[in-house]
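First up is the structure itself, then whatever we jot down about it.
Labels below follow one simple rule: chain letters A, B, ... track the order of the sequence lines, proteins then strands, and each chain is numbered from 1. Scope of the values below: all heavy atoms of this structure, side chains included, with no hydrogens, waters or symmetry mates. Source: prediction; values computed, not measured.
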Amino acid sequence: MKEYDHKSIEKKWQQRWADDELYKTPESPENPHYILDMFPYPSGSGLHVGHVEGYTGTDVYSRFQRMQGKDVLHPMGWDAFGLPAENYAIKTGVHPREKTDESIATFKEQINRLGLSYDWDREIDTSRGDYYRWTQWLFTQLFAHDLAEKKPAKVNWCPGCQTVLANEQVVDGACDRCDSHVVQKEMNQWFFRITDYADELVDDLENLDWPESTKQSQRNWIGRQEGARFTFAVNGGGTDPKSSSSEDDRAGLEVFTTRPDTLFGVTFMAVAPEHELVASLLENQESGIKNHDEVEKYVEEAEAKTDRQRQENKEKTGVQLDGVTAVHPATGDEIPIYVADYVLAGYGTGAIMAVPAHDKRDHAFAEKYDIDIKVVVIDNEIAKASDRSEGIEGTTTDSLSGKKPKEIFTDKGVIIHPDTFNGLSSDEGGEIITEKFGQKETTYRLRDWSVGRQRLWGCPIPVVYDPDGKAHAVPEEHLPWTLPDDVPFEPTGEAPLEKSAELKKRTEDIFGEGWTPETSTLDTFVDSSWYFLRFTDPHNDTTFADEKVIQDWCPVDTYVGGAEHSVMHLLYARFITKALADMNHIEFREPFISLHHQGMIMAEDGTKMSKSKENVVNPNRVVDQVGADTLRMYELFAGPFGDEVDWNTDAIAGPRRFLEKVWRLAHQQEENIKDTATPVDDHVLHQTVKAVTKSVADFRFNTAISSLMELVNDLQDRETVSADVLGILLRLLAPFAPHITEELWQKLGEEGSVHLQDWPTYDEEATREAEVNIAIQVNGTVRGEMVVSQDAGEASIISQAKEHDNVSNWLEDKAINREIYVENRLVNFVTD
RNA sequence: GGGCCAGUGGUGGAACCGGUAUACACGCAACACUUAAAAUGUUGUGCCGAUUGGCAUGAGGGUUCGAGUCCCUCCUGGCCCACCA
């Protein structure tokens with residue numbers, strides 16, 4: 001018997017499959033199934049065992065679907081624009097193009113050594129003109145439909161990367177790439193209006209077969225809040241609130257709240273330092289604000305701070321706007337207004353009605369500045385007037401401060417008597433109060449998507465400016481609007497493309513004197529927001545992808561990638577899909593029907609694998625030592641697909657031994673075939689086919705593998721194994737271990753590749769065993785076991801059970817109250 | 001503070017609709033083969049007792065003939081979000 005030599009076998013079949021174009025995507029699919037991995041950024045450090053689990057999962061699933069007769073689209077490509085290559089260029093002077101191509105070559109070689117069944121004819125590279133031409137086309141479409149716009153905005157500026165960052169890229173006030181402290185800067189920026197789709201992006205999550213945690217992350221990110229808007233008139237500064245002139249912001253201070261039921265508990269207002277009311281009070285000489293300088297100083301200090309610095313300061317701070325008051329819309333009470341930096345300018349209206357009795361932050365502020373606290377809700381009911389001084393103990397206020405409110409609710413100047421709401425639930429009261437004094441409002445945490453980057457290694461924004469400074473999309477015939485080649489790498493603070501003479505000249509040549517190019521590039525999330533469409537028709541040079549071909553394959557049936565993309569990438573791709581649907585380019589509104597996350601592979605010590613800790617496992621090394629088939633099985637067997645697992649070199653022995661057993665089994669079989677006609681009617685076999693089929697369909701690869709191990713353990717104990725049975729084993733195993741199964745399949749003398757065979761089927765009837773072992777319980781505790789035949793009736797089984805030696809001892813002198821029989825499982829006798 | 005998830009042998013984990021908890025694998029031990037080792041094979045392996053018993057799925061309650069699974073309270077850990085009104 002030959003030894004199992006994984007090296008020669010894997011090399012041989014990888015070559016053969018490539019020559020035979022075994023994984024070519026069918027042209028006109030009748031039974032399409034689109035299985036997609038999140039395509040990687042080809043980093044310089046190469047593929048990492050963490051990638052392997054995800055890619056192997058989709059590979060197993062793709063092979064399984066093909067064997068079940070599906071036409072499978074399973075492509076791979078490169079999310080190739082990005083900062084690391086540019087930073088590497090700055091450091092070494094090597095052009096990002098060169099470095100990127102090198103990295104891609106490394107990745108591809110590593111992927112191919114794993115025996116993954118990608119159709120490489122469909123490879124895409126987002127940094128190539130034939131791809132980004134259509135990214136630019138997408139931009140011009142959004143621009144034409146008012147979904148892309150340039151607007152002045154305070155943006156996150158990373159001094160380290162010399163660029164603008166999206167909110168999503170700022171982690172705890174620091175750049176998520178270089179960790180520099182992010183500062184705020186006012187700039188003109190390109191945005192995609194994702195907020196137009198906020199409601200649909202929330203509502204459509206309902207119908208997606210995605211992990212609940214991922215849907216929840218998206219909901220949290222979008223942050224839809226139902227609540228109410230109230231307008232508080234502003235008094236003071238010599239302006240009569242009732243004669244509000246339209247351009248005077250002080251006529252009404254608008255607030256958003258999710259707790260309209262607490263309206264009668266408002267004792268002060270707080271506005272963000274950036275709020276326009278503050279600015280107008282400070283600017284207007286006659287505003288009558290008495291502490292002008294103090295307020296100005298506070299605002300200046302607050303604006304110098306980043307959000308992070310404001311958060312770090314746990315103590316709430318603020319300054320009262322002296323001489324100005326707000327008028328309560330229900331009671332007419334005059335209420336003090338404060339500027340306070342705990343109020344966020346970017347959320348809601350940038351101003352709040354403060355209810356210190358029912359909000360922790362407001363409470364802390366009120367305590368500090370000695371402001372009234374009015375309890376208006378007790379135990380989720382609008383408090384009765386008499387309760388507003390009594391019964392406070394043990395309520396929210398009590399738990400907040402241990403203090404009694406300083407002033408009890410007053411009905412001075414009440415328009416509608418607040419007692420009208422007594423005893424209503426918080427929700428009911430809130431609704432009525434909203435109706436009478438304000439209006440319903442929904443607000444979102446989601447901001448528009450800032451897509452401009454002052455970087456070199458990205459897709460150029462296809463926009464030029466006429467001599468008046470008006471933006472025009474570059475017409476389609478000039479796409480791709482190529483990335484110029486004459487740009488120095490070193491960052492200077494201005495956009496790298498600013499320094500390109502080539503780009504300037506090109507713009508003037510085409511559009512005329514005085515025209516200038518846009519010099520920022522697109523966020524790489526734009527590149528990856530539509531790539532799944534391009535895979536359906538990657539070589540099309542007249543459109544981004546033929547509409548009919550897209551319709552053939554899309555939406556993606558099965559999408560797999562890391563949970564770290566739960567928000568950004570997945571949200572952006574959903575938005576672009578909806579926008580393209582609204583522009584009538586595609587006919588579906590969700591890109592990914594079903595989604596799975598692969599778990600992270602941690603280092604042996606349970607920490608993240610990282611280059612600096614030198615604990616990264618290179619898949620090539622493992623493939624050399626034990627083979628790709630073993631590595632694939634090891635990673636899928638280590639635990640549930642979505643769970644994080646620690647790499648464990650010792651445990652690789654299990655799958656390797658298993659494959660060696662299969663190897664020996666096949667060879668022994670070859671040497672002493674006694675009965676090739678043994679019918680395939682064995683219940684173990686049928687049970688295995690059933691279990692593996694179900695497990696793979698559910699992405700439960702670890703249990704699929706253990707079922708296969710059980711089958712092999714069983715076959716090993718038999719004197720002979722027929723070719724039929726071996727053939728079934730090999731087909732079940734083929735998706736997991738494509739090389740060894742192909743080798744053994746050929747050895748069996750079968751026609752064609754094992755990967756082109758039909759998936760084995762099972763007969764439900766045949767999975768049943770003639771005799772089953774059932775448990776006998778007395779009062780729920782197992783007291784014995786017995787073997788019964790499948791056709792024995794309930795009555796006979798129960799009487800047999802009573803005869804059981806041990807059980808009869810337990811039943812002696814007891815009256816049986818109930819007899820419970822569960823088919824194929826157990827009998828339970830319930831006694832007194 | 002909010003959201004989501006998890007806690008089962010020495011280890012990774014299995015247990016589908018509430019029905020014999022610990023499948024499968026790693027590790028460990030003994031034995032066989034061997035001059036020896038490796039490899040392979042066989043047997044054993046939750047804990048306490050040693051006889052047919054008792055106790056075990058983070059802790060404590062509950063529902064049930066029966067709970068790892070369902071409900072309540074709590075503890076621990078992880079991930080994401082967070083001065084979002």
Can you give me the N/O atom pairs linking the protein to nucleotides 64-69 of chain B at distances under 3.5 Å, or say none if there are none?
residue, atom, partner, partner atom, Å
B:C65, OP1, A:Arg818, NH1, 3.1
B:C65, O2, A:Asn828, ND2, 2.6

Using atom names, set out every protein N or O paired with an N or O of nucleotides 3-11 of chain B below 3.5 Å, distance rounded to 0.1 Å.
none

Using residues 702-711 of chain A as the side-chain source, report each donor-acceptor pair under 3.5 Å to any protein atom, sequence neighbours left out, with the distance given to one decimal.
residue, atom, partner, partner atom, Å
A:Thr703, OG1, A:Ser695, OG, 3.2
A:Thr703, OG1, A:Arg700, O, 3.0
A:Ser706, OG, A:Thr703, O, 3.0
A:Ser707, OG, A:Thr703, O, 3.1

Dot-bracket pairing map - RNA chain B, Watson-Crick plus G-U, both contacts under 3.5 Å, | cross-strand: (((((((..(((......[....)))((((((.......))))))(((....)))..(((((..]....))))))))))))....

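Contacts between residues 694-703 of chain A and RNA chain B, counted as heavy-atom distances below 4.0 Å, involve A:Lys694, A:Arg700, A:Asn702, A:Thr703.
Judged as a side chain to side chain contact (heavy atoms under 4.5 Å, CB included), and not counting sequence neighbours, the contacts of A:Gln218 are A:Leu205, A:Trp210, A:Leu570, A:Leu571, A:Arg574. For A:Lys694, there are no salt bridge (Lys or Arg N to Asp or Glu O under 4.0 Å) partners, not counting sequence neighbours. For A:Thr767, the side-chain hydrogen bond (donor to acceptor under 3.5 Å, both in side chains) criterion is met by no residue, not counting sequence neighbours. Residues meeting the salt bridge (Lys or Arg N to Asp or Glu O under 4.0 Å) test with A:Glu823, sequence neighbours left out: none. Listed by chain and number, the residues in a side-chain hydrogen bond (donor to acceptor under 3.5 Å, both in side chains) with A:Asn648 amount to none (sequence neighbours excluded).
The side chain to side chain donor-acceptor pair (under 3.5 Å) contacts involving residues 798-807 of chain A comprise A:Lys802-A:Glu819, where partners must be two or more places apart or lie in separate chains.
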Reading 5' to 3' through nucleotides 39-52 of chain B, protein heavy-atom contacts under 4.0 Å coded B for base, S for sugar-phosphate only, - for none: -SS----------S

